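Here is the structure we will look at.
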There are 2 protein chains.
Amino acid sequence: MPKQVDPHERRTLLADALLRVAATRGLMDVSLRHVAAEAGVTAGMVQHYFRTKDEMMVFALDVVSARVQARLEADPTTHDGPGALVRALLVQLLPVDDDRVLEGRVAIAFHAYAASRPAVATRLREDTRGMRAMIAEQIRSEGHGALDPEQAATGLLSLVEGLAVHVLGGHVTADHAVSTLDAHLAMAFGHVSVLGRPDDPRHSRAEHR
Amino acid sequence: MPKQVDPHERRTLLADALLRVAATRGLMDVSLRHVAAEAGVTAGMVQHYFRTKDEMMVFALDVVSARVQARLEADPTTHDGPGALVRALLVQLLPVDDDRVLEGRVAIAFHAYAASRPAVATRLREDTRGMRAMIAEQIRSEGHGALDPEQAATGLLSLVEGLAVHVLGGHVTADHAVSTLDAHLAMAFGHVSVLGRPDDPRHSRAEHR
DNA sequence: AGAATGACGATACAAGTGCAATGTGACAAG
DNA sequence: CTTGTCACATTGCACTTGTATCGTCATTCT
């Protein structure tokens, strides 16, 4: 038997290349050959690890959701109470730095892709479902009870997704988005249970970049 | 000189076909030939009215934004005060019926497209800018002043965009989205200045379809 | 040492893409 | 009735796409 390689590692390498292409040139430019070129390998190898293009797409989607979850678990502010946990999660989804901008572009691209690919849509739905359940639970535990946890969770999640779209489109600043999120968090949880905003108490009015 | 036709009418016809294709099969399947087939014309005619594919895309985007604005102006509840006006605008953006579902799919597809097409991104930005300005103005006039109008406008717009994405993805019901929007509107404007919710006072808990 | 097997690379192919060039026909002004 | 001009149709081209097929080479077990 020949050389033994870790297939998952290879696939992840290719998925990373795919994500880079998707983020910089859009999902329409994601092709076997482009991904291969971006990864610095031959198109044949891509085909060897993904029998079909859709298989590659779905795997790439898995990679990003796993990556987001990993970052969440590594975030220390997670353990500063329910409010901080929820904030940590939601900020992960906001394009606040370069890495997150790439992931954001990929995410929105996949949402569009999901409209015509049921398999992708299902996976997206599972992820959202999990996040909403955990947010609702946290609100139930510390929220000030004035509003329905399920509804508040839906609202926060949607707000963040919309903010992400607007930030990526250059409609608003990342700072503006974060402060908007914080304002809404303060409404869901009784107080501003947020540490780590050492800057101007008035939210930044940087306006459109 | 030969037969005189209204170019704008022709272009709109083609744009409609493009929107149908984009909504049902995704933006990746939008090609000159597919649009032509959907419109029931030859590919040559499409080329006659749009010198390039991008030109066709941008025009189609213009058509939808013009259509949304037209619907807004035709909405009678618009004149029931600032709160109702804002609600009317935002509900227009929610995929509450079949037509709006198609437009919603198109919108998210274009947001993804904008990531790699600056011209499209600019146009999208202009539309958003206008909406936010008008929402902020309305909040300034009747809002209860506890929060910054600009920020509240950004929040509402983002919320609606996120809700639209979630509804289209099947993550939440349209009813759930509307009631969530209403809850947030009640926060921006002092009271629930909304008529026309004859159903159960408790928001519908239809959950994920 | 030899063979088997997994990891690739190269190539082929049908289908589809955007775009350019050129044709064709009808209709209105002269 | 001619003629110029606009509205389309046809065809062609160079290219990219996803996928199938086959070749090759190294490595590891026997």
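Reminder, nothing fancy here: chain letters follow the sequence lines and each chain counts from 1. This one's a predicted model, so the numbers in the text were calculated from it and none came from an experiment.
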(message) Output the rounded distance in Å from CE (M28(A)) to C1' (dT16(D)).
(response) 13 Å
(request) Would you indicate, yes or no, if dT16(D) has its OP1 or OP2 atom less than 4.0 angstrom from a side-chain nitrogen or oxygen of H34(A)? (result) no
(request) Have a look at Y49(A) and say if it touches a base, only the backbone sugar-phosphate, or nothing, with a 4.0 Å heavy-atom cut-off. (result) sugar-phosphate
(request) Classify the side-chain pair H176(A)/T154(B) by whether it contains a donor and acceptor separated by less than 3.5 Å. (result) yes
(message) Using whole Å, what does the distance between atom C1' of nucleotide dA21(C) and atom CZ of R51(B) come to?
(response) 16 Å
(message) Determine whether a donor-acceptor pair (one donor, one acceptor, N or O, separation below 3.5 Å) exists between the side chain of R33(A) and the base of dG18(D).
(response) yes
(message) Between S158(A) and G155(A) (side chain of the first, backbone of the second, donor and acceptor by atom type, cut-off under 3.5 Å), is there such a pair?
(response) no
(message) Expressed as a whole number of angstroms, how long is the span from K53(A):NZ to dT17(D):P?
(response) 8 Å
(request) Determine: side-chain N/O of T52(A) to OP1/OP2 of dG18(D), distance under 4.0 Å, yes or no. (result) no
(request) Report the relative orientation of the aromatic rings in H8(A) and F59(A); use parallel for angles under 30°, tilted for 30 to 60°, perpendicular for over 60°. (result) perpendicular
(request) Would you kindly give the CD-to-P distance between Q47(A) and dA20(D), to the nearest whole Å? (result) 7 Å
(message) What is the separation between atom CG on L32(B) and atom P on dT16(D), rounded to the nearest whole Å?
(response) 17 Å
(message) Heavy atoms from C-beta onward define the side chain here; which of dC8(C), dG18(C), dC8(D) lies closest to that of S31(B)?
(response) dG18(C)
(message) Between E103(B) (side chain only) and V64(B) (backbone N and O only), is there a donor and an acceptor less than 3.5 Å apart?
(response) no
(request) Round to the nearest Å and state the distance from D29(A) atom CG to dG16(C) atom P. (result) 20 Å
(message) Please check: side-chain N/O of H166(B) versus main-chain N/O of H171(B), any donor-acceptor pairing under 3.5 Å?
(response) no
(request) Round to a whole Å and report the spacing from CZ of R117(A) to C1' of dG18(D). (result) 11 Å
(message) I want to confirm an ordering. Mapping P7(B) and A43(B) to their closest nucleotides on DNA chain D, which one lands closer to the 5' end?
(response) P7(B)
(request) Identify, between R10(A) and V30(B), the residue whose nearest nucleotide on DNA chain C lies closer to the 5' end. (result) R10(A)
(request) Ignoring the backbone of T42(A), work out which of dA9(D), dG9(C), dG18(C) is nearest its side chain. (result) dG9(C)
(message) Less than 4.0 angstrom between a side-chain N/O of H48(B) and OP1 or OP2 of dC8(D), yes or no?
(response) no
(request) Between dA7(C), dG18(C), dA10(C), spot the one nearest the side chain of V5(A), thanks. (result) dA7(C)
(message) Whole angstroms only, please: what is the CZ-P distance between R25(B) and dG16(C)?
(response) 11 Å
